Amino acid sequence: MAPAAGSENVRYCARFSYLCLKFTLIVYSTVFWLIGAFVLAVGIYAEVERQKYKTLESAFLAPAIILILLGIVMFLVSFVGVLASLRDNLSLLQAFMYILGVCLLIELLGGVMALIFRNQTINFLNENIRRGIENYYDDLDFKNIMDFVQKQFKCCGGGDFTDWSGNVYHACSAPGPLACGVPYTCCITNKTAVINTMCGYKTLNEERLSVQHIIHVRGCTNAVIIWFLDNYTIMAGVLLGILLPQFFGVLLSLLYITRVEDIITEHKQNETLLDGRQQKADLEFAGAGCCMCYPE
């Protein structure tokens with residue numbers, strides 16, 4: 001029996017269909033459960049392949065490790081959501097909602113802190129990129145990422161092109177043809193079809209102005225930040241694409257929890273009402289005694 005429309009016990013979600021909320025939450029959790037499984041599988045495959053050619057013992061900036069961690073979190077949290085929605089378990093539903101809420105809150109706080117401490121964030125990124133540059137030829141994952149970023153955003157190094165002096169092969173004191181140069185992905189693209197891999201030769205010991213027509217001298221950290229600021233619609237779309245699904249999951253879980261609680265409360269009220277009627281009938285039956293069949 002549904003509560004009256006004006007009753008104080010009616011929750012704001014009572015007008016939503018229980019089956020509609022249940023189906024939506026099951027689909028939502030299942031979709032992200034499958035996505036998490038796919039991300040985890042890709043991460044495991046990438047890590048197995050990385051181990052075959054691994055010459056660097058550190059897992060620094062390894063995309064495979066990031067994919068594995070992300071996949072594990074998505075898989076486990078979404079599995080809790082699937083199980084909770086199928087069994088209408090309030091404890092699991094609340095755990096699912098709180099975990100999503102905490103993840104959403106951490107992401108928002110992380111973004112706000114990164115904006116507040118922007119200089120420290122940029123320094124942190126530049127320092128980690130310099131560490132990666134030191135092992136540029138030993139970590140193929142980082143090498144591929146760095147080459148892509150330098151070509152795509154027309155930049156060189158983390159802070160600027162001089163970061164490449166930290167690599168043992170590109171330092172000016174190193175032997176070999178790479179000494180005092182930068183990778184060809186730092187070079188300004190020429191019009192010829194043949195790529196000159198030695199275009200960055202002997203540029204580290206030159207002044208910034210004298211090599212800016214040969215290589216990109218600005219750092220990739222600032223280049224990426226400037227690109228995002230110039231393409232704020234893309235940045236907004238990425239942020240919404242990350243945050244909105246989590247917010248929707250929290251809201252959907254909250255609505256479903258309140259609906260399940262309403263049904264449990266209604267069921268208990270009905271049981272109490274039926275028990276009261278049964279007790280009343282038993283009392284009437286007991287009070288009639290042997291004369292219950294006699295007319296009044």
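Just so you know, these numbers use all the heavy atoms, side chains as well, and skip hydrogens, waters and symmetry mates. Remember, predicted model here, so these are calculated numbers, not experimental data.
Checking side-chain atoms of D160 against main-chain N and O of G219 turns up no donor-acceptor pair under 3.5 Å. For D147 (side chain) and T185 (main-chain N/O), no donor-acceptor pair under 3.5 Å exists by modelled atom type. Within the 3.5 Å criterion, the main-chain N or O of T162 finds a donor-acceptor partner in the side chain of S165.
Counting only heavy atoms from C-beta outward, the side chains of I99 and V80 never approach each other to under 4.5 Å. When side chains are defined from C-beta on, Y256 does not count as touching I26, because their heavy atoms never get closer than 4.5 Å. By the 4.5 Å heavy-atom criterion applied to side chains, V260 and L90 are counted as neighbours. Looking only at side-chain heavy atoms (C-beta outward), Y184 and C199 come within less than 4.5 Å of each other.
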* Audit row: F161, H216, side chain to side chain contact (heavy atoms under 4.5 Å, CB included) steps and yes/no -> CA-CA 7 Å; F161 72 103; H216 301 290; over 6 Å; no
* To do: Could you walk me through whether E206 and I214 pass side chain to side chain contact (heavy atoms under 4.5 Å, CB included), step by step?
  => CA-CA 11 Å; E206 299 292 336; I214 303 174; over 6 Å; no
* Asked: Under the side chain to side chain contact (heavy atoms under 4.5 Å, CB included) criterion, do I68 and V39 qualify, and how do the steps go?
  -> CA-CA 7 Å; I68 289 174; V39 172; over 6 Å; no
* To do: Starting from the C-alpha separation in whole Å, work towards a yes-or-no answer on side chain to side chain contact (heavy atoms under 4.5 Å, CB included) for L240 and V238.
  => CA-CA 5 Å; L240 290 177; V238 171; over 6 Å; no
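Residues Y28 and F32 bring their aromatic ring centres within 6.0 Å.
To the nearest 0.5 Å, atom CG of residue L34 and atom CE of residue M74 are 10.0 Å apart. Between the CH2 atom of W227 and the CD atom of Q152 there is a distance of 8.0 Å, given to the nearest 0.5 Å. Rounded to the nearest 0.5 Å, atoms CG (L70) and CD1 (I65) are 13.0 Å apart. Taken from CD1 in I257 to CG in N89, the straight-line distance is 10.0 Å, to the nearest 0.5 Å. Once rounded to the nearest 0.5 Å, the distance linking CG of L21 with CG of L252 reads 6.0 Å. Once rounded to the nearest 0.5 Å, the distance linking CG of L100 with OH of Y98 reads 12.5 Å.
Between F79 and F75, the ring planes are parallel. Angles under 30° get that label, and only those over 60° would be called perpendicular.
For the pair D138 and K143, the salt-bridge criterion is not met [side-chain N within less than 4.0 Å of a carboxylate O]. Remark: E127 engages R130 in a salt bridge, criterion side-chain N to carboxylate O under 4.0 Å.
What you find for S253 and L25 is that their closest heavy atoms are OG-CD1, 4.0 Å. Taking every heavy atom of both residues into account, C187 and G200 meet most closely at SG-N, 3.4 Å. Taking both residues in full, the closest heavy atoms of L104 and Q246 are given as N-OE1, 3.6 Å, listed atom of the first, atom of the second, then distance. When all heavy atoms are compared, the tightest approach of S29 to G81 is OG-C, 3.5 Å. For the residue pair I129 and G157, the shortest heavy atom distance occurs at CG2-C, 4.3 Å. Across R208 and R218, no two heavy atoms sit closer than the pair NH2-CA, 3.9 Å.
Applying side chain to side chain donor-acceptor pair (under 3.5 Å) to T221 and the options N126, N123, N128, T121 leaves one that passes, N126.
At a threshold of 4.5 Å between side-chain heavy atoms, the hydrophobic network of Ile, Leu, Val, Met, Phe, Trp and Tyr places I234 and I242 in one connected group. Grouping the Ile, Leu, Val, Met, Phe, Trp and Tyr side chains by contacts below 4.5 angstrom, directly or via other members, places I263 with M97. No single ILVMFWY cluster, assembled from side-chain heavy atoms under 4.5 Å apart, contains both I122 and V224. One hydrophobic cluster, built from ILVMFWY side chains closer than 4.5 Å, holds both L19 and V27. Tracing side-chain contacts under 4.5 Å through hydrophobic residues (I, L, V, M, F, W, Y), one reaches F248 starting from L93; they form part of the same cluster.
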Side-chain donor-acceptor pairs of residues 168-183 under 3.5 Å, sequence neighbours excluded:
{"unit_1": "H170", "atom_1": "ND1", "unit_2": "L178", "atom_2": "O", "d": "3.3"}
{"unit_1": "H170", "atom_1": "ND1", "unit_2": "G181", "atom_2": "O", "d": "2.8"}
{"unit_1": "H170", "atom_1": "NE2", "unit_2": "Y137", "atom_2": "OH", "d": "2.8"}

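Within 6.0 Å of the CE atom in M198, the count of heavy atoms belonging to other residues, nucleotides or ligands exceeds 12. The neighbour count for K22 NZ, taken as heavy atoms of other residues, nucleotides or ligands under 6.0 Å away, is above 12.
C186 has its SG atom within less than 2.5 Å of the SG atom of C156.
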